[in-house]
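Presented below is the structure to which this report refers.
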Amino acid sequence: MKPLHPFLIFILVLILQANARSQSIADSLPVRGVAIAAPSARNLDSFVLFIDKELGPRKINTLILRVDFGYQFTSHPELVGNGALSNGDVKKLVAACRRNGIRVIPQINLLGHQSWASTTGKLLQVYPQFDETPWVKMPEKYEWPNADGLYCKSYCPLHPDVHQVVFALVDEICAAFESDAFHAGMDEVFYIGEEKCPRCGGRDKAELFAGEVRKIRDHLSAKGRELWIWGDRLIDGKTTGIGMWEGSFNNTHRAIDMIPKDVVICDWHYERPDKTAVYFAMKGFKVVTCPWRKPEVAVQQVADMHQFRRDAPKDQKDRYLGVVETVWSSAGAFLDGFYGKTNPASNGDAVDAGNTPWATFRAMYDNKKVRAKKK
């Protein structure tokens, strides 16, 4: 076979280099995702355009949508929130994701996050009997810390009627989104197994948490669906020094040895690139690492995920699935920030010297170099 001319070799090298430069740092990871609130009906068309023009071209293949009560449920219309999406609206999102090769995973916060600040969530508004801590009254002006230890309310996992309601919502939303997976949230559960609760008071908090994970997982599995959850309650926040937000201070962390290994863990760390994905993988779980608003941290987390997949023992390599950027504002506020229209600092996405979720998104998926900022 005749060897290639040196000039042709030079051209091929240039092409390969150009292709390498065009790839984002997250390319080649099995999961390249975004977790964000589902758009309101008012922002639906803008979000569909974002899927087509921004997510698809960047080869993002997973979209976790926090729906909660923002869908026009027919199984429990009493739980429909303001500005809820219709079934037709959802089908537009499904179609956009399908034509861009994106797996869509709907989320409803289960167990915890049943209130926010001074407002009780829809589930406990309509079904106050599900409240784990009915004696804790919502304050007119919320402050943290507080005497009640109130961050967010939880439903009681042992109430005999709660799953009949929430599983109807889960089934309906999964059917609407034509999804083979569901995200149950389950992060930052501070109220669980409270002493005054007549059903679960005095019980082992880890067993209670694990029992709820198993119940949700088993319900989904029977219908061929996969369970995803946030991983913070499975980390010992005290021993590791990770703290009470990204880890557990109420002993739920022992539940990691009590739940099925086919639950996918979303391991979120926002201030430091803590390497707890290794912990979850060694325990037998598939895991994705989830940044938020610090580009430097996110870029390191992407690099870590590549290294884990490269260097882990053979049986663990495939447990490191990839990365998911998290956004904690509304979809509309994120789009405004992404396109430079407004400063949505009051909407949950703090703006601090370039530390924004949209800057982080670009750092992860546009292959932009990120340099440490001088203070």
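Numbering starts at 1 and runs along the sequence shown. If you're wondering where the values come from, they're calculated on a predicted model, not measured in any experiment.
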Verify whether the ring centers belonging to Phe338 and Trp358 lie closer than 6.0 Å. no
Look at the side-chain heavy atoms of Ile, Leu, Val, Met, Phe, Trp and Tyr, link any pair under 4.5 Å apart, and say whether Tyr365 and Tyr339 land in one connected group. yes
Taking only residues two or more places apart in sequence or in another chain, which ones pass side chain to side chain donor-acceptor pair (under 3.5 Å) with Asn251? none
So which residues get pulled into Ile64's cluster when ILVMFWY side chains under 4.5 Å apart are joined, directly or through others? Val31, Ile105, Trp228, Val264, Val288, Leu321, Val324
Short N-O contact, Arg58 and Glu54, less than 4.0 angstrom: yes
Test Arg272 against Asp274 for salt bridge (charged side-chain N to carboxylate O under 4.0 Å, His left out), laying out the working first. CA-CA 6 Å; Arg272 304 185 309 260; Asp274 291 327; 2.9 Å; yes
Flag, side chain of Arg319 to backbone of Ala281, donor-acceptor distance under 3.5 Å: yes
Asp52 meets the side chain to side chain contact (heavy atoms under 4.5 Å, CB included) criterion, sequence neighbours left out, with Val48, Ala96, Arg99, Asn100
Pairs where residues 148-162 contributes a residue and the test salt bridge (charged side-chain N to carboxylate O under 4.0 Å, His left out) is met, not counting sequence neighbours: Asp131-Lys153
Taking only residues two or more places apart in sequence, or in another chain, which ones meet Asp236 in a salt bridge (Lys or Arg N to Asp or Glu O under 4.0 Å)? none
Are side-chain N/O atoms of Glu212 and His163 paired as donor and acceptor at under 3.5 Å? yes
Close aromatic pair by centroid cut-off 6.0 Å: Trp144 and Trp245: yes
For His183 and Trp230, I'd like to know if the aromatic rings sit close, meaning centre-to-centre distance below 6.0 Å. yes
Sorted by chain and residue number, the side chain to side chain contact (heavy atoms under 4.5 Å, CB included) partners of Tyr279 (sequence neighbours excluded) come out as Ile256, Lys283
With sequence neighbours left out, which residue pairs that include part of residues 302-315 fulfil the salt bridge (charged side-chain N to carboxylate O under 4.0 Å, His left out) condition? Lys275-Asp304
For His159, which residues count as a ring-ring contact (aromatic ring centres under 6.0 Å, His included) partner, sequence neighbours excluded? Phe130
Could you label the plane-to-plane angle of the Tyr270 and Trp268 rings as parallel, tilted or perpendicular, counting under 30° as parallel and over 60° as perpendicular? tilted
Partner set under side chain to side chain contact (heavy atoms under 4.5 Å, CB included) for Thr252, not counting sequence neighbours: Ile192, Lys205, Phe209, Arg233, Ser248, Asn250
What residue pairs, at least two apart or across chains, pass salt bridge (charged side-chain N to carboxylate O under 4.0 Å, His left out) with a residue in residues 102-116? Arg103-Asp180, Arg103-Glu226
Can you name the residues that form a side chain to side chain contact (heavy atoms under 4.5 Å, CB included) with Lys53, not counting sequence neighbours? Leu49
Parallel, tilted or perpendicular, as decided by the 30° and 60° cut-offs, for the rings of Phe190 and Tyr151: tilted
What donor-acceptor contacts under 3.5 angstrom involve side-chain atoms of residues 121-129, with partners at least two apart or in another chain?
from, atom 1, to, atom 2, distance (Å)
Gln125, NE2, Thr120, O, 2.5
Tyr127, OH, Glu78, OE2, 2.4

Hydrophobic cluster identity match, Ile173 and Leu227, side-chain contacts under 4.5 Å: yes
